[in-house]
Amino acid sequence: MTTLTDGLTAEQVQFFKDNGYVGPFDLYEPDEAQKIWSRAMIEMALSKNKPHNSTVINYDRHLDCDTLSEHISRPEIVNKLRSLLGEDIICWKSNIFQKQPGDAGTGWHQVEKYIVGETTTAATPSLSFAYDRDDDAVLQDVSVWTAFSPAQRENGCLRFIRGSQKRWFYDENKRLTKGPQRKTDFFGYDYSELQLDPDWDPEKEDVVEMEMGPGQFVLFVEKCVHGSLPNVSDQTRLGYASRYVIPQTKVYEHVDRLVEFGDEIALDYHGCVLVSGEDRYGYNRIYTENLNGFAFKRVAADA
């Protein structure tokens, strides 16, 4: 009998390798998910040691919000990550994605080293991987996107292009330029500027609309082309992405600040969280507790 905390089956691992994503999976009951998010919002508002003062870039609130600090190392998530990344895993980043009624969809995009921005360059990627990224047998990073509200077609669910992680459709080395509101808007940016082929349009049969209920999550690799639909409903869509790499990865090795989407933050606060296994390399600052003193949990091998 399978349980919520089980790892992935062999079939699910192969599905991930073939398609670039797998899920959704259950984590919280729908009512529980919405209560958890309400608690997290209160904690973030009252936090005494926020990571940064940005109101645009909702980065890394797992570093000061106890509820999100606990969320990133839930066994339901970590055990599935182990099936893809191995025993040793760190959480290096998280983002809040809130799509209000009337908000535009997010255009197709793919990321590998998190270079895309206004001032970042290929010389200073956010991630420096340990192994040759052309080796498809080595997986080094996975994102987990959790819905804390309904995430349906009408209010802007995620979309994936299955199998698109096997080649490049976008150039993340290019710089985005801020412009007027567009159909594929993300803080005033249009990811279509990064397309290698301006005329490329995905085959409809390859597009997967990832509808999820509150409390469900999906795992994907950022190189899998993804985006989201516009919110044409009267209900806000709430999503939280936690991002994981193996400890051999160097995080922000030559980057001391982020300038993205019309905002700027220094990275003095930043640290990674070991959610499973060990860090045998010491490349990154590792936090054992969040900025307000809440102890991070590491999932035991038999959890």
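Here the structure is a predicted model, which means the values were calculated and not measured.
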Q: Working to the nearest 0.5 Å, report the span between CD of Gln248 and CD1 of Ile90.
A: 9.0 Å

(Q) Under a plain distance cut-off of 3.5 Å, with no hydrogens placed, do Thr5 and Asn79 share a side-chain donor-acceptor pair? (A) no

Q. Can you find a heavy atom in the side chain of Ile161 that is under 4.5 Å from one in the side chain of Tyr21?
A. no

Q. When clusters are formed from ILVMFWY side-chain contacts under 4.5 Å, directly or step by step, what else is grouped with Tyr283?
A. Tyr281

Q | Note, Gln235 side chain near Glu154 side chain (heavy atom, < 4.5 Å) | A | no

(Q) Are the side chains of Phe160 and Val225 in contact, using a 4.5 Å heavy-atom criterion? (A) no

Q) Is the ring centre of His71 less than 6.0 Å from the ring centre of His62? A) no

Q: Specify the closest pair of heavy atoms between Asn155 and Pro150, including all atoms of both residues, with the distance to one decimal.
A: ND2-O, 2.7 Å

Q) Under 3.5 Å, is there a donor-acceptor pair between the side chain of Ser47 and the main chain of Glu43? A) no

Q | Leu81 CG to Ile246 CD1 distance, which is reported to the nearest 0.5 Å | A | 12.5 Å

Q. Taking the side chain as C-beta and beyond, is there a heavy-atom pair between Ser126 and Lys93 under 4.5 Å?
A. no

Q.
Rounded to the nearest 0.5 Å, what separates atom CG in Asn19 from atom CG in Asp206?
A. 9.5 Å

Q. Regarding Lys113 and the six-membered ring of Phe129, is the cationic atom NZ or CZ under 6.0 Å from the ring centre and inside 45° of its axis?
A. no

Q | Met44-Leu238 co-clustered via ILVMFWY side chain contacts under 4.5 Å | A | yes

Q | Residues which pass salt bridge (charged side-chain N to carboxylate O under 4.0 Å, His left out) with Glu253, listed by chain and number, not counting sequence neighbours | A | Lys250

Q) Is it the case that Arg298 and Ser73 place a side-chain donor and acceptor less than 3.5 Å from each other? A) no

(Q) Grouping I, L, V, M, F, W and Y whenever their side-chain heavy atoms are under 4.5 Å apart, do Val207 and Leu229 come out in a common cluster? (A) no

Q. Do Phe294 and Ile72 sit in the same hydrophobic cluster, where Ile, Leu, Val, Met, Phe, Trp and Tyr count as joined when their side-chain heavy atoms come under 4.5 Å apart?
A. no

Q) Would you say Pro75 and Val78 make side-chain contact, with heavy atoms under 4.5 Å? A) no

Q | From NZ (Lys80) to OG1 (Thr9), nearest 0.5 Å | A | 10.0 Å

Q) What distance do Leu139 atom CG and Gln165 atom CD have between them, rounded to the nearest 0.5 Å? A) 9.5 Å

Q | Whether Ser228 side chain and Thr106 backbone form a donor-acceptor pair below 3.5 Å | A | yes

Q) Any idea how Phe217 and Phe25 line up, ring-wise: parallel (<30°), tilted (30 to 60°), or perpendicular (>60°)? A) tilted

Q) Does some side-chain heavy atom of Thr288 sit less than 4.5 Å from a side-chain heavy atom of Phe296? A) no

(Q) Other residues, nucleotides and ligands only: do more than 12 of their heavy atoms fall within 6.0 Å of CD on Glu29? (A) no

(Q) Are Phe220 and Phe16, when compared by the centres of their aromatic rings, separated by less than 6.0 Å? (A) no

Q: Hey, can you tell me if Tyr252 and His270 have their rings parallel, tilted or perpendicular (30° and 60° cut-offs)?
A: perpendicular

Q) Does any non-hydrogen side-chain atom of Gln98 lie less than 4.5 Å from one of Arg237? A) no

Q. Judged by atom type as modelled, is there a donor-acceptor pair below 3.5 Å linking the side chain of Gln152 to the main-chain atoms of Met212?
A. yes

Q: On the 0 to 90° scale, with breaks at 30° and 60°, tag the Phe148-Tyr240 ring pair as parallel, tilted or perpendicular.
A: perpendicular

(Q) With rounding to the nearest 0.5 angstrom, report the CG to CD1 distance, Asn58 to Ile96. (A) 4.5 Å

(Q) Would you say Val245 ends up clustered with Ile286 if hydrophobic residues are merged whenever their side chains have heavy atoms under 4.5 Å apart, either directly or through other cluster members? (A) yes

Q: Grab the two heavy atoms, one from Cys91 and one from Ser242, that are nearest each other, plus how far apart they are.
A: SG-CB, 4.4 Å

Q | Val142 and Leu85, any side-chain heavy atoms less than 4.5 Å apart | A | yes

**Q.** Asp141/Arg243 ion pair, N-O < 4.0 Å
**A.** no

